[in-house]
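Structure, as structure tokens:
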Amino acid sequence: MRPTLQFLSDQLIEQIIAEGREIMCKLGIEIHNDLALLLMHNNGAKVDKTASRVYFTQSLIDNALAAVPHAFKLYDVYGNEAVDLSGFNVNFTPGSAAINILDSTTNKFRKPTTQDYVRYAKLMCKMNNIASQSTAMIPSDVHEKISDSYRLYLSLLYCDKPVVTGAFTIEAFEIMKNLQITIRSSKENLKAKPLTIFSCCPTSPLKWSEVTSQNLLDCAAYSIPVEYIAMPLSGFMSPVTLVGTLIQHTAETLSGLVMSQLMNPGTPVLYGGSPAFFDVRYETTPMGSVATMMIDCAYNEIGKYLGIPTQAYIGLSDAKALDAQAGFETSLGAALAALAGINNISGPGMRDFESCFSLEKLVVDNEICGTALRLIRGIEPKEDFPSLPIFEELLREKHLLIADHTRKYFKEEDYIPGTVISRANRSRWEEEGSTTVGQRAMIEIEKHIKAWQPTNLPDNVKKELTVLMENESRKYGMTKLPNID
Amino acid sequence: MNILQEISVQLQQGNPKKVAEFTQQAINENIDTKTILDNGLIAGMAVIGEKFKAHEIFLPDVLLAAKAMYAGMDLLKPLLVKEGIPTIGKVVIGTVQGDLHDIGKNLVVIMLRGAGFEVFDLGNDVSPEKFLETAVKENAIVIGMSALLTTTMPVMKKVIDLAKERHLYGKKKFIVGGAPLSADYAAEIGASAYCFDGMSAVETVKRFTTTSS
Ligand code: B12
């Protein structure tokens, strides 16, 4: 039996959805996008153009819910299936778009560079419990107008996993889409085998900006999957109660869903978000708050109820260092999210309110993800009935270390972490240098990066990607991309 | 307790009705307008600021106090204008061009207003020209800029460079804030200060407005 976690009854889910829909229809949603307003108008919504406000209709919402796919998959750069976003399947992906990186040598926060990004992408190839990469940080050594597309370019060059990403401007979509088409060789192939997911954020409360709604429409036009990232902040930009926040999250997310499905019925999406229970002491948006995590798991239940695969920013920490807080917040989030069956869990590697990435934390979090993935496989009988033979063997041999039964199952019954987690006795730990988790993580990072091999993407495709990126950078006066190797 | 202390205490408790009542009473008693402002309203907000910094009270308490402060300010404002007493300082603020994050900036606006400053909030996606033109028009000394994206942070430098071009640089103070900012970056682009939250913004603006007047 797969263990699961549930916060909401069906009745409460239905009530929350009904309220969310009523908000969309009666109060309306502000959408700063002419094309979206036109689509809504043409499909029967009342549109107040001067206020950029759309009053949805129940049938508009019903039609979108009828059109949205209940599942979809992501494929790696070669076109092999890599991520299955359906049912209670759980996939981890690193936290995205960090402003800073924690420098391992100086232990200081600083802006990431191309070198950092490439090290990250190489490391991601080896993170066996993290199914996709994300464009985890923003390289600061290129023009800011290409810093969103450039990180996607680096990811596609150095790691074969599919990518969770997003654009910062309307213009950036074009090149980010073209990089993908180059890999798949045609628009049709990209549609058949999605390579990326784009994050698109409504602006709480109840609003869509021009940039993010246009990104959403552009993605829909190419059937590029989108995850809606609503960020209601409980007690500040949304009601303080978890239910009130969920109602708002529902209205914001469903308004995105209607736009996507009007633009292109059947376009794949994730019912996602990054809400937070606002911290009124520090004026911050804590990802490590238990209420934040509960909102995430609960809207995932609502998404599932509506038949839409889900996403959340959970399994990350607000800690500034690789300390007990980092471990506790990340583990609790990852475990809850896995139990709840959130399909795409964005978090590993991230600390400091989604603003600082750390390779050390990524390596530790990979073990947390492995642990969570084991947890949800639950407990199943495996040649345990009848039980007499194995006990006879135990009594006869005095141990089961080399029993067939042991050798067959020991790797699946527990999760066996890498050396970053210390399970040595104290003497051995002392003999091996009395290392901290951070020091062991650093060793692991260097080991993985050294063992990295170029991906098997054909050289001519890699070349084409580079030409595209160079052309883009030239538009902003950069004649040369930073040196890599 | 004298009437000014009464105003301060009621303000700290977030009671707009009482603050208005006592402020009116102080006006009726012919207490000097500037004294009511400084020793009643602003004194109360100063206590609130200290308590917030010491983690004794939380943001909602600060905002409630600010609201109570406005109730008193509404009564004092016409008198201040009539008597030609300048407000304690004017601030032009906005989120820079290309950036839509305005939650942090909005909080800073509330806190600055609560501390008695006159704030011109330009909203988000604000062009460099708009920052400078408004500051000149309103005769504001402090220009506050917010950016939450690494990609929009450089716009702050554009504002400062434009100020240099227009010979405004020495005359205005530029304060910056938002997740990607740092004191180092602020110094690098020639900003006057970096603030990490609303309360530090209040302190910084106080510093700049008292030294310049
Ligand atoms: C909420 C949020 C949003 C909301 C914003 C809603 C709104 N009305 O503002 C929404 C959902 C719309 C949003 C959208 C996007 N976001 Co956003 N967002 C955040 C988040 C989670 C919290 C920001 C926040 O409100 N914090 C709470 C407030 C109170 O704190 P604050 O803003 O820091 O402000 C305080 C101080 O900094 C200071 N301060 C701030 N400004 C000023 C100004 C002055 C003058 C002074 C004195 C002080 C000061 O005082 C404030 C009060 O304490 C951050 C994560 C983070 N760590 O910051 C990401 C984050 C900033 N967003 C990010 C991204 C990528 C985006 C999008 C591009 C995503 C997308 N692809 O659609 C879009 C941006 C579109 C655009 N062009 O602007 C990234 C930035 C990455 C980067 N390297 O630049 C972050 C870091 C998250 C992440 N890792 O992905 N976002």
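Protein chains get the first letters and strands the later ones, always in sequence-line order, with residue 1 at the start of each. Everything numeric here is computed off the predicted structure, so don't read it as measured data.
Residue contact with chain A, scored on non-hydrogen atoms closer than 4.5 Å, involves the backbone of L148(B) exclusively. With a 4.5 Å cut-off on non-hydrogen atoms, F109(A) does not touch chain B at all. For a residue to count as touching a neighbouring chain, one of its non-hydrogen atoms must lie under 4.5 Å from one of that chain's; by this rule P180(B) touches chain A with backbone and side chain alike.
Using a 4.5 Å heavy-atom cut-off against chain A, no residue of residues 2-19 of chain B qualifies as contacting.
The shortest heavy-atom contact between V280(A) and F52(B) is O-CE1, 3.8 Å.
By number of non-hydrogen pairs under 4.5 angstrom with chain A, the leading residue of G98(B), P154(B), A179(B) is P154(B).
Atoms CZ and CG, on F278(A) and L59(B) in that order, are 6.0 Å from each other to the nearest 0.5 Å.
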At a cut-off of 3.5 Å, what donor and acceptor atoms pair up between chain B and chain A?
residue : atom : partner : partner atom : Å
L59(B)  : N    : V280(A) : O            : 2.8
P180(B) : O    : K111(A) : NZ           : 2.8
G198(B) : N    : E283(A) : OE1          : 3.3

